[in-house]
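Working notes, structure below.
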Amino acid sequence: MLFFGFSFGVYSQEETSEELIPVITVGANFWSSGGNHFFEHCAAVACGGESWEESGYTIQGGDPTSRLNYDGYDFSSLEGIVEIQTGNLFINGYISSSSSDGGTLRDQDWYNIEGYNSFYEISDTSSDLKENKRSFTFASIGYDFNFGQISAGPFLGMINYKETLHAHGLEELDSDYLRDAGLTPGPMEGIDPNEKVISNTAEWSGNIFGARIKLDLDQGIQFNALFGRGQVSIDNADSHLLRDDLGPSPNIKTTGDGDASILDLNLSYEFMENFLVKAGYRSWVLSDEDGTTRFGPDFGTGYPEEISTESKGMYLGVAYRIPVAQ
């Protein structure tokens, strides 16, 4: 996590208190996190879709009509840190970028077939995730209130989180359609395991309001906690690369406004003067339960969408407080 920080204050010539001397901390974290990206939409008549007649049945999209679950992928981020604190005021920020391979995409689709099966699974496939990328930025300004060994206070921040996942190959899983057609699950004929079939980029951005707490323990050990909630917007671009009927990629777009929840807990230890090591856990959950999905090539009718991105895991870090002359 690379923190970009700056500090400001109003000083008089008479103010020489140590509390007004900026405290600058620099360092690095290594965050190993597991990810999940989930979304589903409804294109049933009640959701703005249409119905049609086929083989004597009335058919419409299910509720949900489609569900994609990207799961089991990891990111390992090396993050640089800077934080500047002047008195009780602090301002900080960070940025990171990383890539990885691994994980799977499960893609399911359903119909509602009146008089036959109200939840008919027409497709269920699995693909491997490769060449994944992630970047994020976080910045905040806050104020600490001191209570002896404990300091606590609010902060206001902004967040931007962008994740791109690429699915390769198609393996058909058991579904109503395969059973009715007498087909056996397995790799889809004509699709190479290394062929890119779906790419998805989710970008979340918005504001965070929360609090951080610091508790000084014995022998240079400090417990730190940060938690926040906020409002974020989602811009999700889905490229179904095998769907020529949807037009050029990205051919499925989702937008909306949702919620962000962040949590960061760690223990730090000052093993030499101004040198610290730390170990912690971080969780970011970004979600929108009422987004809108539009399909190419015209991106006309909007269908209701539920979408979320999660990243959670442990991290290790080192930091150094830069002495500032009085």
Side-chain angles (χ1 to χ4, degrees), residues 35-52 54 57-73 103-114 117-127 129 161-167 170 172-173 175-177 196-206 231-260 285-310:
N36 174 267
H37 179 71
F38 170 89
F39 67 96
E40 65 180 24
H41 81 276
C42 171
V45 171
C47 297
E50 299 179 350
S51 64
W52 65 94
E54 186 175 322
Y57 292 100
T58 300
I59 303 174
Q60 61 176 294
D63 185 5
T65 302
S66 181
R67 174 184 295 160
L68 289 88
N69 190 34
Y70 299 80
D71 199 18
Y73 58 93
T104 59
L105 163 64
R106 186 178 182 186
D107 184 355
Q108 298 170 274
D109 300 279
W110 292 273
Y111 280 162
N112 183 333
I113 304 178
E114 186 177 344
N117 188 336
S118 61
F119 208 59
Y120 186 86
E121 190 176 35
I122 61 170
S123 177
D124 192 350
T125 63
S126 177
S127 302
L129 300 180
Y161 186 99
K162 186 175 182 179
E163 192 173 84
T164 299
L165 306 171
H166 299 292
L170 277 178
E172 293 190 281
L173 307 178
S175 65
D176 294 328
Y177 172 77
K196 190 180 295 185
V197 296
I198 293 179
S199 293
N200 192 90
T201 297
E203 182 169 8
W204 301 84
S205 58
Q231 294 184 327
V232 287
S233 62
I234 175 63
D235 186 357
N236 193 83
D238 183 315
S239 297
H240 272 52
L241 302 175
L242 304 182
R243 293 283 303 273
D244 293 336
D245 60 308
L246 297 179
S249 299
N251 43 34
I252 304 175
K253 299 179 180 180
T254 297
T255 57
D257 297 303
D259 301 312
V285 179
L286 311 162
S287 63
D288 178 14
E289 297 183 355
D290 191 25
T292 300
T293 292
R294 300 180 188 275
F295 289 78
D298 59 354
F299 300 102
T301 303
Y303 302 104
E305 175 96 30
E306 178 182 346
I307 186 168
S308 65
T309 303
E310 299 182 5

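Just so you know, these numbers use all the heavy atoms, side chains as well, and skip hydrogens, waters and symmetry mates.
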Quiz item: What distance separates Ile307 CD1 from Trp204 CH2, expressed to the nearest 0.5 Å?
Solution: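 That separation rounds to 5.5 Å.
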
Quiz item: Between atom CD of Glu54 and atom CD1 of Ile113, what is the distance when rounded to the nearest 0.5 Å?
Solution: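 Spacing of CD (Glu54) from CD1 (Ile113) equals 8.0 Å.
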
For [X], salt bridge (charged side-chain N to carboxylate O under 4.0 Å, His left out) partners two or more places apart:
X      : result
Lys253 : none
Asp124 : Arg106
Glu40  : Arg67
Asp176 : Arg179

Quiz item: Is a side-chain donor or acceptor of Thr65 paired with a backbone partner of Ala43 at a separation under 3.5 angstrom?
Solution: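 Side chain of Thr65 to backbone of Ala43, a donor-acceptor pair under 3.5 Å: yes, one is there.
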
Exercise. State whether the side chain of Tyr73 and the backbone N or O of Asn36 hold a donor-acceptor pair below 3.5 Å, judged by distance alone.
Key: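 Confirmed, Tyr73 side chain pairs with Asn36 backbone.
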
Just jot down the side-chain contact (heavy atoms from CB on, under 4.5 Å) partners of [X], sequence neighbours excluded, or say none.
X      : value
Thr301 : Tyr303
Glu310 : Val285, Lys312
Ile122 : Asp109, Tyr111, Tyr120
Ser118 : Asn112

Exercise. With Val197 as reference, evaluate Leu241, Leu242, Thr125 under the side-chain contact (heavy atoms from CB on, under 4.5 Å) test and give the passing residue.
Key: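 Going through Leu241, Leu242, Thr125 one by one, the side-chain contact (heavy atoms from CB on, under 4.5 Å) with Val197 is satisfied by Leu242 alone.
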
Quiz item: Hey, is NZ on Lys196 packed in by over 12 heavy atoms from elsewhere, all under 6.0 Å?
Solution: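 Enclosed.
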
Practice problem: Mind checking side-chain hydrogen bond (donor to acceptor under 3.5 Å, both in side chains) for His41 and listing every partner two or more places apart, or none if nothing turns up? | Solution: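 Testing His41 for side-chain hydrogen bond (donor to acceptor under 3.5 Å, both in side chains), a comparison that skips the adjacent residues, returns none.
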
Self-check item: Pairs meeting criterion salt bridge (charged side-chain N to carboxylate O under 4.0 Å, His left out) with involvement of residues 233-250, two or more places apart
Solution: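 Sorted pair list: Arg243-Asp245.
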
Self-check item: ring pair (Phe, Tyr, Trp, His ring centres under 6.0 Å) partners for Phe119, two or more places apart
Solution: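 Only Trp110 meet the ring pair (Phe, Tyr, Trp, His ring centres under 6.0 Å) criterion with Phe119.
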
Quiz item: Which residues pass the ring pair (Phe, Tyr, Trp, His ring centres under 6.0 Å) test with Phe38, sequence neighbours left out?
Solution: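 In terms of ring pair (Phe, Tyr, Trp, His ring centres under 6.0 Å), with neighbours along the sequence ignored, Phe38 is linked to no residue.
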
Quiz item: Below 4.5 Å, heavy atoms only, C-beta onward: do Tyr70 and Ile198 meet side chain to side chain?
Solution: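 Side chain of Tyr70 against side chain of Ile198, heavy atoms only: contact under 4.5 Å found.
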
Exercise. Kindly indicate whether the side chain of Leu246, heavy atoms from C-beta on, has any atom under 4.5 Å from the side chain of Ile252.
Key: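 Yes, close enough: below the 4.5 Å cut-off.
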
Quiz item: Should His240 and Asp107 be marked as a side chain to side chain contact (heavy atoms under 4.5 Å, CB included) after you check the CA-CA gap, both sets of side-chain angles, and the distance that decides it?
Solution: CA-CA 11 Å; His240 272 52; Asp107 184 355; 4.0 Å; yes

